[in-house]
Amino acid sequence: MSNNDANNAATQPTNFIHQIIEQDLEQGLEKVVTRFPPEPNGYLHIGHAKSICLNFGTAEKYNGECNLRFDDTNPSKEDQEYVDAIKEDVRWLGFNWAGEVRYASSYFDTFYSWAQHLIREGNAYVCDLSAEQASEYRGWATKPGKDSPYRERSAEDNLDLLERMKTGEFDEGSKVLRAKIDMASPNMNLRDPILYRIRKESHHQTGDKWCIYPNYDFAHGQEDAIEGVTHSVCTLEFADHRPLYEWFIEHLPVPSKPRQYEFGRLNINYTVTSKRKLKQLVDEGHVSGWNDPRMPTISGMRRRGYSARAVRNFCDSLAVAKTDGIVDMAQFEFFIREDLNDNAARAMSVLNPLKLIITNFPEGEVERLTAPVHPQKDMGTRELPFTRELYMDRGDYNEDSTLSRKKFKKLVPGDFMRLRSAYVIKATGVVKDDSGEITEVHAELIPGTVGENPPEGMKPRGVMHWVSATEGKQATVRVYDRLFNVEAPDKGEGNFLDNINPDSFTEMTNCWVEPGLVNAAPETTFQFEREGYFVADRFEHSAQTPVFNKTIGLRDTWKK
RNA sequence: UGGGGUAUCGCCAAGCGGUAAGGCAACGGGUUUUGAUCUCGUCAUGCGCAGGUUCAAAUCCUGCUACCCCAGCCA
């Protein structure tokens with residue numbers, strides 16, 4: 001772990017889960033075991049990152065262990081692709097799970113024998129009610145449910161029926177195994193919850209071995225118990241399930257007694273964190289895939305250029321509490337910029353090129369200037385070829401020379417400007433095409449101003465970036481903006497898709513970068529000075545076809 | 001109108017009976033060859049509301065109110 005992480009860990013707010021753990025430790029608990037238990041039915045997103053940092057971070061903090069366990073109890077929604085992606089994402093975030101990856105499906109035999117155990121104890125029964133009937137029998141929040149007519153089947157019959165469900169003798173939906181608890185419980189989860197349902201589907205891990213699959217409630221606590229998990233941390237919506245979680249732990253011969261604790265899931269404005277919605281964005285082509293740089297998925301953030309450290313720092317800054325708030329995207333962006341400012345190499349790139357001719361610099365000549373890779377940290381230097389023909393950004397020139405020096409720190413006719421890491425120049429004129437558009441800006445350099453202040457009276461208005469038109473390289477730059485243009489895209493009446501920002505993606509193919517950049521390895525991050533942070537695309541960048549993604553702009557306090 | 005949660009600055013929050021931490025954002029000043037960074041400063045007589053207990057309450061009690069979650073053979 002870097003110093004940065006260590007420092008943050010030291011200032012980390014103590015949360016209620018850590019408080020509980022510390023009490024448990026004082027009372028003799030020997031080892032803390034946590035787990036991150038995703039279902040492989042989609043890619044991980046920033047909300048999962050918080051859970052990952054909490055679970056793995058907690059284990060790390062107390063010298064315990066954290067398992068990565070796939071809660072793969074529903075083959076109809078799951079896929080090996082997701083299993084692979086999730087493993088990659090957890091590793092990329094910088095965490096190592098204890099031992100091998102675990103799968104709920106590898107405990108299916110045990111679950112089955114435990115179901116038989118419940119039946120023998122008179123605590124479970126096979127129910128033939130249809131889904132609709134079962135729903136009716138379940139009652140309403142304020143209305144108690146009524147017992148299923150199949151509730152009093154004999155243990156022998158139940159055992160036999162369950163076995164036949166398992167071997168595929170019955171149709172999907174025709175039978176389920178239910179726990180016999182209390183149809184009048186004010187907690188709906190306790191109204192004889194379903195333990196097994198028939199699903200004649202091939203499972204990504206167990207193939208066609210099973211025709212029945214356990215429900216979440218009949219799996220999760222037992223998985224924790226089998227793995228010796230001490231603190232099973234989940235999100236708030238599972239609080240109502242805790243009594244059921246405990247019921248199974250009490251009624252089954254489990255090897256350990258884990259406890260469940262709930263915390264508030266992470267919400268961020270201007271985005272959605274629901275696997276269902278993210279999948280919809282992918283399936284319907286609103287984004288290019290799960291790793292589209294606009295996606296709040298871990299793989300999307302990675303491709304966008306966010307570092308794992310920035311994501312971790314952000315997650316660690318988050319409170320682990322029971323409030324369900326919506327964190328401001330600006331808070332996340334702070335950590336992204338903080339990390340990139342510290343670690344990204346500086347470079348220059350002209351996004352909207354406008355020719356800048358240095359009229360007093362000889363044609364064909366190349367002056368090799370050097371510039372630091374980072375303005376504060378010692379990260380070495382880089383070579384910057386300076387030539388007669390350069391590119392500057394169109395936005396850095398304005399014909400109105402009456403603009404105040406205080407307010408407009410860019411090039412205007414007759415005034416001086418510093419070329420970053422190079423000369424101070426004076427704008428002397430422009431060339432326009434027939435339509436009146438400026439095609440060239442002409443300027444002359446002030447000799448001796450590289451690394452030196454200009455003579456009296458030539459104080460530059462400001463500093464601007466540039467790239468040699470003859471030595472620089474052409475590149476594609478992809479600019480991303482927020483995917484949704486409202487704070488809470490999934491709240492309110494309409495479809496969340498209606499809130500998609502139509503301008504969230506812009507591709508600029510005529511950008512110019514300093515020559516060294518095309519050789520950058522994919523995923524190398526840069527600060528293009530005065531523009532923002534960019535990353536060489538993980539999949540499409542190459543020396544022949546340089547592609548950079550805009551990660552995030554520089555903080556901009558310029559009041560227009 | 002059943003059950004389970006939660007309410008402290010624009011946002012996220014600490015606080016666990018002794019007189020409102022911190023971060024983000026915002027707003028001012030300084031430094032600067034990135035309008036970046038860095039740096040200095042400002043930002044809750046107030047803790048959902050109303051009562052009560054106490055020398056002392058965001059913290060305890062009572063009663064309200066608001067919001068979130070639960071009626072999948074999803075997790």
Side-chain angles (χ1 to χ4, degrees), chain A residues 11 13-15 19 37-39 41 71-74 76-77 127 129-131 134-136 138-145 172-178 184-191 193-199 212-213 215-217 219-220 234-243 262 264 266 269 275-276 317-319 321-335 337-338 341-342 346 348 371 374-376 407-410 417-424 449-453 460 462-465 527-533 553-560:
Chain A
T11 57
T14 162
N15 62 60
Q19 287 177 5
E39 183 191 14
N41 64 347
D71 216 356
D72 54 349
T73 56
N74 184 2
S76 44
K77 289 190 175 176
C127 178
L129 252 24
S130 69
S135 175
E136 263 181 61
R138 191 156 34 233
W140 185 245
T142 53
K143 186 178 110 196
E172 287 191 11
S174 64
K175 284 179 168 46
V176 292
L177 181 72
R178 295 228 248 168
S185 172
N187 182 341
M188 299 296 290
N189 294 118
L190 264 21
R191 320 251 263 224
I194 289 168
L195 273 39
Y196 272 109
R197 74 282 210 190
I198 299 170
R199 252 329 126 72
I212 54 172
Y213 291 93
N215 259 304
Y216 168 85
D217 289 305
H220 207 93
C234 63
T235 43
L236 254 25
E237 68 269 27
F238 290 100
D240 284 342
H241 293 246
R242 188 174 356 109
E262 311 88 22
L266 168 64
N269 57 190
K275 270 199 236 174
R276 204 207 97 230
S317 82
L318 264 13
K322 283 180 182 285
T323 43
D324 40 17
I326 300 172
V327 175
D328 201 319
M329 188 61 188
Q331 191 169 329
F332 189 13
E333 293 180 338
F334 168 82
F335 288 96
R337 289 198 182 94
E338 177 186 62
N341 177 57
D342 281 354
R346 305 296 127 117
M348 288 194 283
H374 194 285
Q376 281 87 222
K407 291 220 165 119
F408 192 77
K409 302 185 173 190
K410 300 179 179 182
M417 193 72 177
R418 160 72 68 181
L419 290 180
R420 177 69 163 157
S421 298
Y423 296 94
V424 169
T449 52
V450 174
E452 299 292 338
N453 286 129
V463 182
M464 69 182 197
H465 54 102
Q527 184 198 101
F528 290 170
E529 290 187 288
R530 301 210 311 138
E531 289 288 356
Y533 297 99
L554 256 24
R555 198 164 77 96
D556 187 3
T557 53
W558 179 27
K559 295 170 285 292
K560 280 145 192 151

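A note on names: the letters A, B, ... follow the listed sequences, proteins ahead of strands, and every chain is numbered from 1.
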Under 3.5 Å, N/O pairs linking protein and nucleotides 36-43 of chain B:
unit_1: B/A36; atom_1: OP1; unit_2: A/Thr557; atom_2: OG1; d: 2.5
unit_1: B/A36; atom_1: N1; unit_2: A/Gln376; atom_2: OE1; d: 3.4
unit_1: B/U37; atom_1: OP1; unit_2: A/Arg555; atom_2: NE; d: 2.6
unit_1: B/U37; atom_1: OP2; unit_2: A/Arg555; atom_2: NH2; d: 3.3
unit_1: B/U37; atom_1: O2'; unit_2: A/Asn341; atom_2: ND2; d: 2.9
unit_1: B/U37; atom_1: O2; unit_2: A/Gln376; atom_2: OE1; d: 3.3

Could you tell me how far B/C9 sits from B/G5 if I compare only their P atoms? Round to whole Å.
23 Å
Residues in ring-ring contact (aromatic ring centres under 6.0 Å, His included) contact with A/Phe332, at least two apart in sequence or another chain:
A/Tyr306, A/Phe314
Whole-Å P distance, B/U45 and B/U32
38 Å
B/G17 - base-pair partner by Watson-Crick or wobble geometry, distances under 3.5 Å
none
Can you tell me, in whole Å, how much space there is between the P of B/U42 and that of B/G35?
28 Å
How far does the C1' atom of B/C67 sit from the matching atom of B/A57, given to the nearest Å?
25 Å
Classify A/Gly451 by what it touches in the nucleic acid, base, sugar-phosphate, or nothing, heavy-atom distance under 4.0 Å.
base
Examine the base of B/U34 for any acceptor or donor lying under 3.5 Å from a partner atom in the side chain of A/Arg530, and report the outcome as yes or no.
no
Does A/Glu452 reach a base, just sugar-phosphate, or nothing at all? Heavy atoms under 4.0 Å.
base
Just the table, please: protein N/O against nucleotides 4-6 of chain B N/O, every pair under 3.5 Å.
unit_1: B/G4; atom_1: O4'; unit_2: A/Asp240; atom_2: OD1; d: 3.4
unit_1: B/G4; atom_1: O2'; unit_2: A/Asp240; atom_2: OD1; d: 3.3

Among residues at least two apart in sequence or on other chains, which ones pass side-chain hydrogen bond (donor to acceptor under 3.5 Å, both in side chains) with A/Arg242?
A/Glu262
By side-chain contact (heavy atoms from CB on, under 4.5 Å), which residues pair with A/Leu554, not counting sequence neighbours?
A/Gln527, A/Tyr533
Using Watson-Crick or G-U wobble geometry with both distances below 3.5 Å, tell me the partner of B/U33, or none.
none
Complementary nucleotide of B/C27, counting Watson-Crick and G-U pairs under 3.5 Å
B/G41
Touch class at under 4.0 angstrom, heavy-atom based, for A/Thr449 against every strand present:
base
Nucleotide N/O of nucleotides 73-75 of chain B paired with protein N/O under 3.5 Å:
unit_1: B/C73; atom_1: OP1; unit_2: A/Arg138; atom_2: NH2; d: 3.4
unit_1: B/C73; atom_1: OP2; unit_2: A/Arg138; atom_2: NH1; d: 3.4
unit_1: B/C73; atom_1: O2'; unit_2: A/Arg199; atom_2: NH2; d: 3.2
unit_1: B/C73; atom_1: N3; unit_2: A/Gly173; atom_2: O; d: 3.2
unit_1: B/C73; atom_1: N4; unit_2: A/Leu129; atom_2: O; d: 2.8
unit_1: B/C73; atom_1: N4; unit_2: A/Ala131; atom_2: N; d: 3.3
unit_1: B/C73; atom_1: N4; unit_2: A/Gly173; atom_2: O; d: 2.7
unit_1: B/C74; atom_1: OP1; unit_2: A/Arg199; atom_2: NH2; d: 2.9
unit_1: B/C74; atom_1: OP2; unit_2: A/Arg197; atom_2: NE; d: 3.1
unit_1: B/C74; atom_1: OP2; unit_2: A/Arg197; atom_2: NH2; d: 2.9
unit_1: B/C74; atom_1: OP2; unit_2: A/Arg199; atom_2: NH1; d: 3.2
unit_1: B/C74; atom_1: OP2; unit_2: A/Arg199; atom_2: NH2; d: 2.8
unit_1: B/C74; atom_1: O3'; unit_2: A/Arg197; atom_2: NH2; d: 3.1
unit_1: B/C74; atom_1: O2'; unit_2: A/Asn74; atom_2: ND2; d: 3.1
unit_1: B/A75; atom_1: OP1; unit_2: A/Thr73; atom_2: OG1; d: 2.7
unit_1: B/A75; atom_1: OP1; unit_2: A/Arg197; atom_2: NH1; d: 3.3
unit_1: B/A75; atom_1: OP1; unit_2: A/Arg197; atom_2: NH2; d: 2.8
unit_1: B/A75; atom_1: OP2; unit_2: A/Asn215; atom_2: OD1; d: 2.9
unit_1: B/A75; atom_1: OP2; unit_2: A/Tyr216; atom_2: N; d: 2.9
unit_1: B/A75; atom_1: O3'; unit_2: A/Asp71; atom_2: OD2; d: 3.0
unit_1: B/A75; atom_1: N6; unit_2: A/His241; atom_2: NE2; d: 3.1

Relative to the 5' end of RNA chain B, which residue comes earlier, A/Ile326 or A/Arg420, by the nucleotide with the nearest heavy atom?
A/Ile326
State the pairing partner of B/G2; accept Watson-Crick or G-U wobble contacts with both distances under 3.5 Å, and report none otherwise.
B/C70
Nucleotide nearest A/Ala330 when distance is taken to its side chain, options B/A25, B/U1, B/G35:
B/A25
Shortest non-hydrogen contact from A/Pro375 toward A/Arg346
CD-CG, 3.5 Å
Does B/U53 have a Watson-Crick or wobble partner in any strand here, with both distances under 3.5 angstrom, and which is it?
none
Tell me what A/Ala422 touches on the nucleic acid: a base, only sugar-phosphate, or nothing, going by heavy atoms under 4.0 Å.
base
